[in-house]
Amino acid sequence: MARILTGIQSTNIPHLGNILGAILPAITQSQNHAHQSLFFIADLHSLTSIKDAGAIHRHTLSVAATWLAFGLNPENTWFYRQSRVPQVTELAWYLNCFTPYPMLANAHSFKDKSNRLSDVNAGLFTYPVLMAADILLYDANWVPVGKDQIQHLEITADIARSVNHRLQQDVFTIPEALINDHHALIPGTDGQKMSKSYQNYINIFLPEKELRQVINQQIITDSSLLQDTKDPNSNVICQLIELVAGTARANYTRQKLLQGGYGWGHAKTDLLQAILEIYAEPRQRYNYYMNQTTELETLLQKGEARAMAYAQLKLQQLRQALGYNG
Ligand code: ADP
Ligand code: TRP
């Protein structure tokens with residue numbers, strides 16, 4: 001049975017880009033019963049950027065609640081927190097010792113982050129190795145990720161091949177990235193890639209009033225008058241309606257704008273309504289889980305027990321091959 005694995009860092013409440021680009025495609029995959037799915041919260045990776053216990057804890061719960069809100073079924077999915085299966089950090093050490101330094105020094109993501117951030121720590125540098133450990137520990141075959149993560153998957157496959165070759169046995173399964181092209185890059189309110197780093201993201205779980213404010217204030221429109229005809233492509237409103245609610249609904253707003261007599265405020269309200277309607281149930285479920293953290297905790301612990309049993313066996317096999325057992 002093929003194994004599908006993916007993780008989301010707990011650095012914030014997941015935004016629309018994370019949901020459409022990563023969470024929903026992974027959940028769709030998990031509904032294929034020919035696969036075993038493993039979805040986890042990469043809360044150790046978050047420590048590369050967040051050093052605040054309260055924030056790590058809150059964001060971890062919020063990522064877990066988002067997965068469940070969008071339909072993750074914890075009965076057929078291994079759903080766990082990375083930090084609760086500490087075998088992954090032992091594996092990361094072994095993998096570090098098989099990883100050529102230049103491969104990490106040349107990673108785009110590290111170069112980009114080390115230019116942008118003030119806290120350039122060694123964890124940020126070895127980030128791809130911990131990610132490789134996440135994947136190789138569970139023999140994942142397929143890893144659904146956004147385009148920005150392709151290089152990390154290539155690094156993972158390289159490390160796996162190198163270990164197998166050096167140890168002269170197939171310890172690790174070679175994984176492949178699974179890219180969802182349709183939703184590969186969800187634009188943010190400014191038209192650039194939606195990202196928490198650019199302050200252009202939409203948190204769909206906000207209460208209606210705050211969500212309206214984000215849409216009204218963050219999406220910049222031209223100063224044409226109500227009666228003027230408008231170019232629906234001059235900002236991101238219709239594109240976002242299409243991504244959330246489909247082409248027919250986006251075309252309705254496009255037509256109205258092209259005819260004139262329809263203000264940008266109306267179009268923004270169409271976007272707000274699309275989000276509120278399409279995500280009515282996930283919004284409700286998200287709030288439910290954020291208020292039922294004991295239930296969330298129980299679900300995660302069940303997944304963690306399953307993940308840990310597998311991780312222990314895998315590590316045993318590797319320790320043996322490395323000369324640490326017996
Ligand atoms: P951010 O860019 O906000 O920091 P992350 O790097 O934590 O987001 O991304 C988590 C997951 O969501 C990754 O699989 C990433 O590829 C995906 N993702 C993030 N932003 C987008 C986007 N704008 N469009 C599509 N997928 C995205
Ligand atoms: N680096 C990924 C991101 O920022 C998160 C992640 C950590 C991950 N470990 C993983 C994704 C393993 C897939 C598989 O999006």
Side-chain angles (χ1 to χ4, degrees), residues 3-27 29 37-50 59-60 62-63 66-67 70 78 80-83 85 88-89 91-92 95 104 107-110 112-113 116-117 123-124 126-157 159-160 173 175-204 236 239-240 243-244 307:
R3 302 166 72 81
I4 299 199
L5 173 145
T6 198
I8 302 272
Q9 283 194 75
S10 47
T11 41
N12 211 340
I13 297 170
H15 54 66
L16 188 59
N18 303 138
I19 291 167
L20 292 175
I23 294 178
L24 275 173
I27 289 176
Q29 293 288 346
S37 302
L38 294 85
F39 297 155
F40 70 97
I41 302 147
D43 55 349
L44 293 174
H45 276 109
S46 312
L47 191 60
T48 57
S49 56
I50 299 184
H59 296 330
T60 300
S62 135
V63 175
T66 306
W67 277 110
F70 277 92
W78 297 13
Y80 56 96
R81 285 161 289 198
Q82 183 188 34
S83 63
V85 190
V88 77
T89 55
L91 176 57
L95 299 183
L104 298 182
H108 309 310
S109 165
F110 175 70
D112 169 49
K113 287 182 184 164
R116 242 181 334 108
L117 305 176
L124 203 59
T126 58
Y127 183 112
V129 183
L130 180 59
M131 182 159 162
D134 289 328
I135 297 168
L136 302 180
L137 188 55
Y138 302 102
D139 290 307
N141 305 94
W142 299 102
V143 183
V145 280
K147 276 188 176 158
D148 55 326
Q149 298 294 313
I150 291 178
Q151 193 179 38
H152 287 159
L153 260 294
E154 287 166 359
I155 292 176
T156 302
I159 298 175
T173 301
E176 278 185 58
L178 205 60
I179 306 292
N180 170 355
D181 273 331
H182 177 52
H183 287 155
L185 267 197
I186 308 298
T189 48
D190 58 356
Q192 306 299 307
K193 178 200 168 201
M194 186 179 290
S195 170
K196 63 182 161 291
S197 321
Y198 308 145
Q199 290 302 316
N200 65 354
Y201 61 87
I202 297 180
N203 168 7
I204 61 149
V236 83
Q239 210 181 336
L240 286 175
L243 286 163
V244 169

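We number each residue from 1, following the sequence as shown. Both ligands and their constituent atoms are indexed starting at 1 by order of listing. Small disclaimer: the values here were computed from a predicted structure and weren't measured. Side-chain atoms are counted along with the backbone in the values below, which use heavy atoms only and exclude waters and symmetry mates.
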Can any side-chain N or O of Q192 pair as donor or acceptor with the backbone N or O of Y198 at less than 3.5 Å? no

Of L20, V143, I186, the one whose closest heavy atom lies nearest atom 24 (N) of ligand 1 is I186

Validation row, ring centre Y138 to ring centre Y80 under 6.0 Å: yes

Backbone of I41 reached by a side-chain donor or acceptor of S10 within 3.5 Å: no

Please list, in number order, the atoms of ligand 1 under 4.0 Å from a heavy atom of M194. 20 (N), 21 (C), 22 (C), 23 (N)

Numbered atoms and elements of ligand 1 in range of S195, under 4.0 angstrom, heavy atoms: 1 (P), 2 (O), 3 (O), 4 (O)

Test item: P175 and L136 side chains (from C-beta on) under 4.5 Å apart, heavy atoms: yes

For ligand 1, which is the ligand I care about here, please tell me if L185 has any N or O atom under 3.5 Å from one of the ligand's N or O atoms. no

Under 4.0 Å from ligand 1, counting heavy atoms only, is it the side chain of H15, its backbone, both or neither? side chain

Got a second to check how far K147's NZ is from L185's CG, nearest 0.5 Å? 6.0 Å

Backbone N or O of D43 within a donor-acceptor pair of the Q82 side chain at under 3.5 Å? yes

Check each atom of ligand 1 against the heavy atoms of G21 and keep those under 4.0 Å away; list them by number with element. 25 (C), 26 (N)

Hey, looking at atom 27 (C) of ligand 1, which of P14, P144, G146, G17 has the closest heavy atom? G17

Should the proximity of A22 to ligand 1, defined as any heavy atom under 4.0 Å, be assigned to the side chain, the backbone, both, or neither? side chain

Atoms of ligand 1 less than 4.0 Å from K193 heavy atoms? 2 (O), 20 (N), 21 (C), 22 (C), 23 (N)

Taking the inter-plane angle between the rings of Y127 and H45 on a 0 to 90° scale, is it parallel (under 30°), tilted (30 to 60°) or perpendicular (over 60°)? tilted

Side-chain touch R3/W78, heavy atoms, less than 4.5 angstrom: yes

Gap separating the CD1 atom of I50 from the CG atom of N12, nearest 0.5 angstrom: 7.5 Å

Q9 to ligand 1: N or O pair under 3.5 Å? no

Flag side-chain contact, heavy atom, 4.5 Å: M131 against L153: yes

Tightest non-hydrogen contact, residues V236 and G191, listed as CG2-CA, 4.2 Å

Do the non-hydrogen side-chain atoms of T156 and V143 ever get within less than 4.5 Å of each other? no

Is ligand 1 under 4.0 Å from a heavy atom in the side chain of D148, in the backbone, in both, or in neither? side chain

Answer yes or no: does an N/O atom from S197 fall short of 3.5 Å to an N/O atom of ligand 1? no

Which ligand 1 atoms does K196 reach within 4.0 Å, using its non-hydrogen atoms? 1 (P), 3 (O), 4 (O), 5 (P), 7 (O), 8 (O)

Decide yes or no for I27 and W67: does some side-chain heavy atom of the first lie under 4.5 Å from some side-chain heavy atom of the second? yes

Which protein N or O atoms sit under 3.5 Å from any N or O of ligand 2? Give each pair with its distance.
residue	atom	partner	partner atom	Å
ligand 2	1 (N)	Y127	OH	2.7
ligand 2	1 (N)	Q149	OE1	3.0
ligand 2	4 (O)	Q9	NE2	3.4
ligand 2	4 (O)	Y127	OH	3.1
ligand 2	9 (N)	D134	OD2	2.7

Contact check: N18 vs ligand 1, nitrogen or oxygen atoms, below 3.5 angstrom: yes

